[in-house]
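Taking it in order: structure first as structure tokens, then the write-up.
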Amino acid sequence: PLYSSAASDVYKRQLEEHEAHGAQISMISKNFPEGINTWGLDVFRLTMASIAVPSMTVSFDFEKMQGSKNFCTKIYNVIKYIVENTAEHNYNPNFTPLDLINLWISEEYNQLYKNISDHLKNARIDLMTMEIRHFGHDIFCNTYVPLAKLSLKRNDPNLSSEVRNTLLRVAQALLAVLYPIMPNFSSKIALKLAPDSNMRLATLFTGSRSSAPIGTLVTLILSLIHI
């Protein structure tokens, strides 16, 4: 399982402490009468993974649940866009990206894959989840997808094909790394992208061509977004 029994015990103990002060039960019954179903179990899993720090206490609040829900909404909307814009596209999973932005996002995912492996070795689920959320929200949805839309408007058949291949490949890869945390959410959306998807975690592309120029540009874009 993703979470250890020790982590579960810590969370339960904190809830018991809140209940002892007369706050926890009344807050949930008043604001969330339907319990966890109001949010969805996968949203809850994502929230807990985000705060799974190596500590004896868990800092939990419903604003973090809302943040997780917003993240899921963002991913869902982007996947919906990709499905709508690749419906007639003949996906080639073995293509090699040549355009800088497509090469860049592939390399960004490869770095994410490496970082996930490192965090898992160190049992830092919180850092792993933070990196996945950053990649999914900031790098893929808010940066690459808008750039991909601009590329599709250029009416270049070869470039358009490469962009659509990249959109599909990275979207499936993102859902693959989300799968251990959010199995229901990611698997259902993955089937819309590729009915035969098996959520296999794998690197996307390893090449010798550097995407440093576009990486510098994206860093600047991200800094402006967060001003």
Side-chain angles (χ1 to χ4, degrees), residues 71-72 74-118 120 128 131-183 185-222:
F71 172 80
C72 294
K74 169 72 76 171
I75 299 298
Y76 176 85
N77 289 336
V78 167
I79 297 298
K80 181 180 178 182
Y81 164 81
I82 294 173
V83 171
E84 292 173 350
N85 285 272
T86 58
E88 304 299 324
H89 176 67
N90 185 20
Y91 175 53
N92 175 17
N94 300 315
F95 82 103
T96 299
L98 300 175
D99 187 74
L100 277 179
I101 65 165
N102 299 324
L103 179 61
W104 165 75
I105 192 64
S106 297
E107 291 179 349
E108 284 292 314
Y109 176 82
N110 286 341
Q111 184 61 49
L112 172 68
Y113 175 85
K114 178 182 180 300
N115 293 345
I116 287 174
S117 299
D118 292 340
L120 286 175
M128 177 195 77
E131 294 221 30
I132 294 174
R133 293 179 69 155
H134 171 64
F135 176 86
H137 188 281
D138 297 331
I139 301 296
F140 185 57
C141 293
N142 280 359
T143 305
Y144 174 73
V145 172
L147 292 174
K149 290 179 180 179
L150 293 176
S151 295
L152 291 175
K153 290 181 179 180
R154 291 170 57 180
N155 294 320
D156 180 332
N158 292 331
L159 177 60
S160 294
S161 178
E162 182 181 319
V163 168
R164 289 187 169 91
N165 280 331
T166 305
L167 283 168
L168 288 167
R169 177 190 280 181
V170 179
Q172 291 181 61
L174 173 59
L175 293 174
V177 297
L178 278 172
Y179 180 76
I181 305 172
M182 309 180 68
F185 175 84
S186 55
S187 60
K188 288 180 180 179
I189 297 181
L191 290 175
K192 296 181 181 296
L193 285 170
D196 60 344
S197 175
N198 60 6
M199 310 301 293
R200 183 172 60 89
L201 183 63
T203 54
L204 292 176
F205 171 75
T206 302
S208 58
R209 185 178 177 187
S210 173
S211 62
I214 193 68
T216 302
L217 175 61
V218 169
T219 300
L220 176 60
I221 292 173
L222 287 175

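As a basis for the values below, the full set of heavy atoms in this structure was taken, side chains included, without hydrogen atoms, waters or symmetry mates.
- With rounding to the nearest 0.5 Å, the separation of CG in N102 from CZ in R169 is 10.0 Å.
- In this structure, the separation between OG on S186 and CG on L191 is 9.5 Å, given to the nearest 0.5 Å.
- For K80, the side-chain hydrogen bond (donor to acceptor under 3.5 Å, both in side chains) test picks out no residue, with sequence neighbours left out.
- Side-chain contact between V170 and Y144: absent, with no pair of heavy atoms (C-beta onward) separated by less than 4.5 Å.
- Not counting sequence neighbours, K188 has no partner by the salt bridge (Lys or Arg N to Asp or Glu O under 4.0 Å) test.
- Note: I105 CD1 to F140 CZ = 6.5 Å, rounded to the nearest 0.5 Å.
- Considering all non-hydrogen atoms of both residues, I132 and V177 come closest at CD1-O, 3.6 Å.
- Residues forming a side chain to side chain contact (heavy atoms under 4.5 Å, CB included) with C141 (at least two apart in sequence, or on another chain): K74, I75, V78.
- To the nearest 0.5 angstrom, I79 atom CD1 is 4.5 Å from L193 atom CG.
- Considering only residues two or more places apart in sequence or on other chains, N165 meets the side chain to side chain contact (heavy atoms under 4.5 Å, CB included) condition with H89, Y91, N92, F95, S161.
- Remark: C72 SG to R133 CZ distance equals 8.0 Å, nearest 0.5 Å.
- Among residues two or more places apart in sequence or in another chain, the side-chain hydrogen bond (donor to acceptor under 3.5 Å, both in side chains) test is passed with E131 by N115, H119.
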In a table with atom names and distances, give each donor-acceptor pair under 3.5 Å that connects a side chain of residues 146-160 to protein atoms at least two apart or in another chain.
| from | atom 1 | to | atom 2 | distance (Å) |
| --- | --- | --- | --- | --- |
| S151 | OG | L147 | O | 3.3 |
| D156 | OD1 | N158 | N | 3.1 |
| D156 | OD1 | L159 | N | 3.3 |
| S160 | OG | D156 | O | 3.0 |

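- The line from CD of E162 to OG1 of T96 is 9.0 Å long, rounded to the nearest 0.5 Å.
- Summarising the geometry of W104 relative to I139, their closest heavy-atom pair is CH2-CG2, 3.6 Å, with the distance given to 0.1 Å.
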